[in-house]
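So the structure is just underneath, and the comments pick up after that.
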Amino acid sequence: MDSAELHATVAAWYRENARVLPWREPTASPWAVMVSEFMLQQTPVARVLPVWEAWMARWPTPAALAAEPPGEAVRAWGRLGYPRRALRLHAAATAIRADHGGRVPDDHAALLALPGVGAYTAAAVASFAFGRRHAVLDTNVRRVLARALSGSQYPLNAATAAERALAEQLLPHLEGPANAPAGAPDAPVTAAEWAVASMELGALVCTARSPRCADCPLADACAWTRAGRPAHDGPPRRGQSYAGTDRQARGRLLAVLRDADGPVPQARLDEAWGEPVQRARALDGLVADGLVEPLDDGLYQLPTGVPAANPTP
DNA sequence: GAACCGTGGTT
DNA sequence: TAACCAAGGTT
C-alpha cells in the first residue's frame, strides 16, 4: 500500500467512525484546540470533556484566563492530573496576550516557544487549528506506524529520528482543515486530516492492549498482522509506580488546597500525608514549582501570581 | 537519555 | 488484583 492509498483508507475510516468532540468542530477556536491539547497530554478524552467545557465557558479567550491568578487555573484543572499543565497553560495564555496580541500564534515555531508546548502540541495546534502541514507524532500514531509499517507490536520507548523522518515522509502534501466537507466522501486528504485520522485509529482500533484488528481498515496491509502479530520483543517498556511516591504525596497536598476556599494551615496538610519527611519534600517541591504559595504563620494557598510582599528590614 | 510529574479507568 | 495505560513536557 503506497502512502496515497494509506491516507485515503484511513481518512475514509475516519469520516465514518470519528468521535464527535467539541474541539474538532469547525467552529472551535484555536484557543479551544490549544486548551484541549494541553488537557489531553496524558489524560483520556472522557475525563477531559467536562473540564474542557467548564474551562471554555469561563475563559473563552487567552486574555480571559491571563486576567485571573494562576491558582484559579490550578483549581479549575481539578483532578485531571499533572497540575503543572494548568500552570503552563496559564503562562502560555499570558505570553499570548503579551506577545501575540491575544491570539494563538499560527506557526509551529511561535507555538513551540510557549510554556508547556512541545513538539507534539505545537504540531497539533498548527494542524488542527490552522490547517498547517506538520507531522503529528503522538503515542497513537507511533503505535499505528509501528504495527502497520514496521511490523512490531509497540514503538520504542522514545521517538527516534528515523521515526520522525518516516512521519514527515508520510505527510500528505495538501494543507487545509482537518475535517473534510460534509458529504464529500472522496474529498482529498489534507495533512491535518491524516494526522487526526491516524490518531483516532490508534485511539479506537489500534489500541495498546487489545487491538480490534477485525475492525481495522489496514488489517490486510498491516505488517504486524501479516507477521502473525508477534509479541513485543525488546527492552521492557518502563512502568509507572505511584503508590507511596512523592507524586502521590504532592497530589494529596494539592487536593487539600484546591478544595479549600482560602489559605490552609499547615495542620490540614499534615493530615493529608502522614510521613513528615516526604510530606515536607513534596510541599517544598510544590512551592518550587509555583503550584503552592507559602504565607506567613504556616499558611498555604494556591498561587495568586502576586509575589508575597517582602518584610521591610 | 532517563527521571520526574497525577489520576482513574481497563484488563 | 496489580499492572498497564492515557492526544507529553521539562529538566
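Letters go in sequence order (proteins before strands), and every chain restarts at 1. Side chains included, hydrogens not; waters and symmetry mates left out as well; all remaining heavy atoms used.
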Considering only heavy side-chain atoms of A/R47, the closest of C/dC5, C/dA7, B/dT7 is B/dT7
Per atom distances to the A/R19 side chain, the nearest of C/dA3, C/dA6, C/dA7 is C/dA7
A/L291 and A/P303 have their tightest heavy-atom pair at O-CD, 3.0 Å
So, OP1 or OP2 of [N]: does either fall under 4.0 Å of a side-chain N or O from [X]?
{"X": "A/Q42", "N": "C/dA6", "answer": "no"}
{"X": "A/T207", "N": "C/dC5", "answer": "no"}
{"X": "A/R143", "N": "C/dA6", "answer": "yes"}
{"X": "A/Y242", "N": "B/dT7", "answer": "yes"}
{"X": "A/Y154", "N": "C/dC5", "answer": "yes"}

Taking side-chain contact (heavy atoms from CB on, under 4.5 Å) as the test, write out the residues that go with [X], two or more places apart.
{"X": "A/T245", "result": "A/S241, A/Y242, A/R247, A/Q248"}
{"X": "A/E68", "result": "A/R58, A/W59, A/E72"}
{"X": "A/P22", "result": "A/L49, A/W52, A/E53"}
{"X": "A/L204", "result": "A/W13, A/R19, A/E200"}

Touch class at under 4.0 angstrom, heavy-atom based, for [X] against every strand present:
{"X": "A/R79", "value": "sugar-phosphate"}
{"X": "A/G118", "value": "sugar-phosphate"}
{"X": "A/T121", "value": "sugar-phosphate"}
{"X": "A/A46", "value": "nothing"}
{"X": "A/L21", "value": "base"}
{"X": "A/W77", "value": "nothing"}
{"X": "A/V196", "value": "nothing"}

Distance, rounded to the nearest Å, where [X] contributes [atom1] and [N] contributes [atom2]:
{"X": "A/H232", "N": "C/dC4", "atom1": "NE2", "atom2": "P", "answer": "12 Å"}
{"X": "A/Y120", "N": "C/dG9", "atom1": "OH", "atom2": "C1'", "answer": "13 Å"}
{"X": "A/E37", "N": "C/dG8", "atom1": "CD", "atom2": "P", "answer": "9 Å"}
{"X": "A/L204", "N": "B/dT10", "atom1": "CG", "atom2": "P", "answer": "14 Å"}
{"X": "A/R88", "N": "B/dG6", "atom1": "CZ", "atom2": "P", "answer": "9 Å"}
{"X": "A/E163", "N": "B/dG1", "atom1": "CD", "atom2": "P", "answer": "12 Å"}
{"X": "A/N157", "N": "B/dC4", "atom1": "CG", "atom2": "P", "answer": "15 Å"}
{"X": "A/R84", "N": "B/dA3", "atom1": "CZ", "atom2": "C1'", "answer": "11 Å"}

By salt bridge (Lys or Arg N to Asp or Glu O under 4.0 Å), which residues pair with [X], not counting sequence neighbours?
{"X": "A/D99", "answer": "none"}
{"X": "A/R147", "answer": "none"}
{"X": "A/R88", "answer": "none"}

In whole Å, what separates the [atom1] atom of [N] from that of [M]?
{"N": "C/dG9", "M": "B/dG8", "atom1": "P", "value": "23 Å"}
{"N": "B/dA3", "M": "C/dC4", "atom1": "P", "value": "16 Å"}
{"N": "C/dA7", "M": "B/dC5", "atom1": "P", "value": "22 Å"}

Starting at the 5' end of DNA chain C and moving along, which residue's nearest nucleotide shows up first, A/E200 or A/G116? A/E200
Using residues 179-196 of chain A as the side-chain source, report each donor-acceptor pair under 3.5 Å to any protein atom, sequence neighbours left out, with the distance given to one decimal.
unit_1 : atom_1 : unit_2 : atom_2 : d
A/T190 : OG1    : A/P177 : O      : 2.9
A/T190 : OG1    : A/E193 : N      : 3.0
A/E193 : OE1    : A/R15  : NH2    : 2.7
A/E193 : OE2    : A/R15  : NE     : 2.8
A/E193 : OE2    : A/R15  : NH2    : 3.4

Listing for DNA chain C: consecutive Watson-Crick or G-U pair runs of at least 3, distance cutoff 3.5 Å, ranges ordered by first number, gives B:2-5 with C:8-11, B:7-11 with C:2-6
Mind listing the side-chain donor-acceptor pairs of residues 113-126 of chain A below 3.5 Å, one per line with the distance, residues two or more places apart or on another chain?
unit_1 : atom_1 : unit_2 : atom_2 : d
A/Y120 : OH     : A/E37  : OE1    : 2.7
A/T121 : OG1    : A/Q41  : NE2    : 3.0

CD of A/E5: more than 12 outside heavy atoms within 6.0 angstrom? yes
Heavy-atom contacts under 4.0 Å between residues 248-284 of chain A and DNA chain B, which residues? A/R250, A/G251, A/R258
For A/M39, is there any backbone N or O sitting under 3.5 Å from a side-chain donor or acceptor partner on A/R85? yes
For DNA chain C, which residues in residues 127-141 of chain A have a heavy atom at a distance below 4.0 Å? A/D138, A/T139, A/N140
Are side-chain N/O atoms of A/W273 and A/Q278 paired as donor and acceptor at under 3.5 Å? yes
Report the C-alpha distance between A/T43 and A/R47 in whole Å, list the side-chain angles of each, state the deciding distance to 0.1 Å, and finish with yes or no for side chain to side chain donor-acceptor pair (under 3.5 Å). CA-CA 7 Å; A/T43 304; A/R47 282 173 48 209; 5.1 Å; no
Does any donor-acceptor pair link the side chain of A/R209 with the base of C/dC4 at a separation under 3.5 Å? yes
